[in-house]
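Report on the following structure.
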2 protein chains.
Amino acid sequence: MTTRNMEDYLETIWNLQHKKGYVKAKDIAERLEVSRPSVSGMIKKLSENSYILYEKYGGIVFTEKGKKLAQEIKRRHSLLVEFLKIIGVSEENAQTDACKLEHDVSPETITSLLGFVDFISLLPESSKWKENFQEYLKKSLLERSSNKKKNYKEKYWGRENKKI
Amino acid sequence: MTTRNMEDYLETIWNLQHKKGYVKAKDIAERLEVSRPSVSGMIKKLSENSYILYEKYGGIVFTEKGKKLAQEIKRRHSLLVEFLKIIGVSEENAQTDACKLEHDVSPETITSLLGFVDFISLLPESSKWKENFQEYLKKSLLERSSNKKKNYKEKYWGRENKKI
DNA sequence: ACAAATAGTTAGGCTTACCTAATAAAGATA
DNA sequence: TATCTTTATTAGGTAAGCCTAACTATTTGT
């Protein structure tokens with residue numbers, strides 16, 4: 001099985017490959033803000049599990065298996081970013097959240113998210129869904145930060161406590 | 001700082017408290033499918049960090065700090081479940097995904113999700129958003145598995161739904 | 001009240017990450 | 001070519017979790 005960490009390394013390798021055209025252990029360390037020995041260790045692990053091929057002082061390349069997994073992770077990441085932006089999360093936060101969430105979403109949730117994103121993108125211009133939603137978000141944020149805070153909380157916890 | 005694991009234990013304690021009225025280490029072990037020594041260790045840690053008060057053979061109660069955190073986690077969990085169900089994820093999967101995702105969503109994303117869920121719940125009956133979306137999901141699943149590509153725009157976003 | 005059942009802890013080890021310090025290998029340059 | 005810089009590895013240690021086996025302490029039942 002692959003761990004969350006292995007996935008992070010694979011994704012980083014993928015990104016470096018597409019940004020610089022080659023991948024060195026040093027660059028991975030920089031990107032992930034981790035020591036070089038840590039990278040050495042993970043490279044060894046990923047090699048042993050046949051996700052990558054590695055030559056000291058040379059570079060890293062994906063095996064078919066590794067490429068497939070890296071693409072899959074990338075796909076989840078992009079989907080999450082796209083979704084988060086639709087619901088109004090900033091680009092920056094969307095990126096960092098996607099990095100964390102991408103390891104945990106089940107296939108069913110991926111499918112549903114994909115459906116949602118597609119559905120929204122198919123809305124006719126005339127629907128103004130996004131504008132309406134954005135406006136609603138802005139408004140509810142304002143209200144929340146001022147006087148209606150209490151109201152909202154009661155509503156929320158009232159619902160929740162019944163379930164328990 | 002609290003780790004993902006500490007959060008899981010706190011959430012479990014919260015759930016047990018509200019389901020049975022008291023919390024024993026043994027029950028935590030069962031619920032989390034973990035050995036009793038593991039629970040002992042975590043209880044010690046949570047006590048040291050003042051999230052709970054614990055007495056051997058007695059029970060576990062939250063401190064104010066612990067209660068606050070547990071509620072916060074619970075809040076994130078419920079919100080995620082609610083959202084996932086809206087986009088068509090099954091109850092079961094929504095629960096398990098929420099358990100994993102709840103540790104990683106940023107405050108901004110929480111806010112946006114909350115906005116989205118509220119927004120959807122405020123849609124007028126006439127919009128039929130959910131029905132349309134559900135149907136779209138079902139169809140697109142079929143399409144995907146039979147490798148066809150077709151445009152549903154017209155069918156699902158005819159004039160009567162412009163208000164969405 | 002005392003033995004059995006239940007609950008909890010300690011001891012000792014495993015795994016996956018991380019780190020720093022020291023070392024080795026390769027590449028670049030004088 | 002010899003040395004210096006860069007790159008990578010090894011050695012040795014920490015921390016958070018998990019486990020089993022063995023032990024202790026409490027509660028319960030007769």
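Please read all numbers here as calculations on a predicted model, not as lab measurements. Each chain gets a letter, A, B and so on, in the order the sequences are listed, and its residues count up from 1.
- With distances taken from any side-chain atom of B/Tyr57 to the nucleotides D/dT7, D/dA16, D/dT26, the minimum falls on D/dT26.
- As a whole-Å value, the separation of A/Arg4 CZ from D/dA16 P is 18 Å.
- Using modelled atom types, no side-chain atom of A/Ser38 and backbone atom of A/Val34 make a donor-acceptor pair closer than 3.5 Å.
- A sub-4.0 Å separation between OP1 or OP2 of D/dT9 and a side-chain N or O of A/Tyr54 is present.
- With hydrophobic clusters built from ILVMFWY side chains whose heavy atoms lie under 4.5 angstrom apart, A/Ile73 does not share a cluster with A/Leu80.
- Summarising the geometry, the separation between CG on B/Asn5 and P on D/dA15 is reported as 17 Å, rounded to the nearest angstrom.
- When the C1' atom of C/dA26 is taken as reference, atom CZ of A/Arg36 falls 14 Å away, rounded to whole Å.
- Using a 4.0 Å heavy-atom distance criterion, A/Lys24 is classed as a sugar-phosphate-only contact.
- Contact annotation: B/Ser35 does not reach the phosphate of D/dC18 (side-chain N/O to OP1 or OP2, under 4.0 Å).
- Among B/Arg76, B/Lys100, B/Lys74, the one residue that satisfies the salt bridge (charged side-chain N to carboxylate O under 4.0 Å, His left out) test with B/Glu7 is B/Arg76.
- Nucleotide C/dT6 holds its C1' atom 12 Å from the CD atom of B/Glu30, rounded to whole Å.
- Phosphate contact (OP1/OP2 of D/dG17, side-chain N/O of B/Lys45, threshold under 4.0 Å): present.
- Not one side-chain nitrogen or oxygen of B/Thr3 sits closer than 4.0 Å to the OP1 or OP2 atom of D/dA16.
- As rounded to whole Å, 10 Å separates atom C1' of C/dT10 from atom NZ of B/Lys56.
- To the nearest angstrom, P of C/dT15 lies 17 Å from CE of A/Met1.
- Among the heavy atoms of the strands, none lies under 4.0 Å from A/Lys44.
- Of the candidate nucleotides D/dA16, C/dA17, D/dC18, D/dC18 has the atom nearest to the side chain of B/Val34.
- Across the protein-nucleic acid pair, A/Asp8 atom CG and C/dC18 atom C1' stand 14 Å apart, rounded to whole Å.
- Hydrophobic cluster membership is shared by B/Tyr136 and B/Leu123, with clusters built from Ile, Leu, Val, Met, Phe, Trp and Tyr side chains linked at under 4.5 angstrom.
- What separates CG of B/Asp27 from P of C/dG8 is a distance of 8 Å, to the nearest Å.
- Residue A/Val39 is classed as having no contact, given no heavy-atom separation below 4.0 Å to the nucleic acid.
- Proximity note for B/Ala25 (side chain, C-beta onward) versus D/dT9, C/dC18, C/dG8: the nearest is C/dG8.
- At a threshold of 4.5 Å between side-chain heavy atoms, the hydrophobic network of Ile, Leu, Val, Met, Phe, Trp and Tyr places A/Val81 and B/Phe116 in two separate groups.
- For D/dT7, one of the phosphate oxygens OP1 or OP2 lies less than 4.0 angstrom from a side-chain nitrogen or oxygen of A/Lys26.
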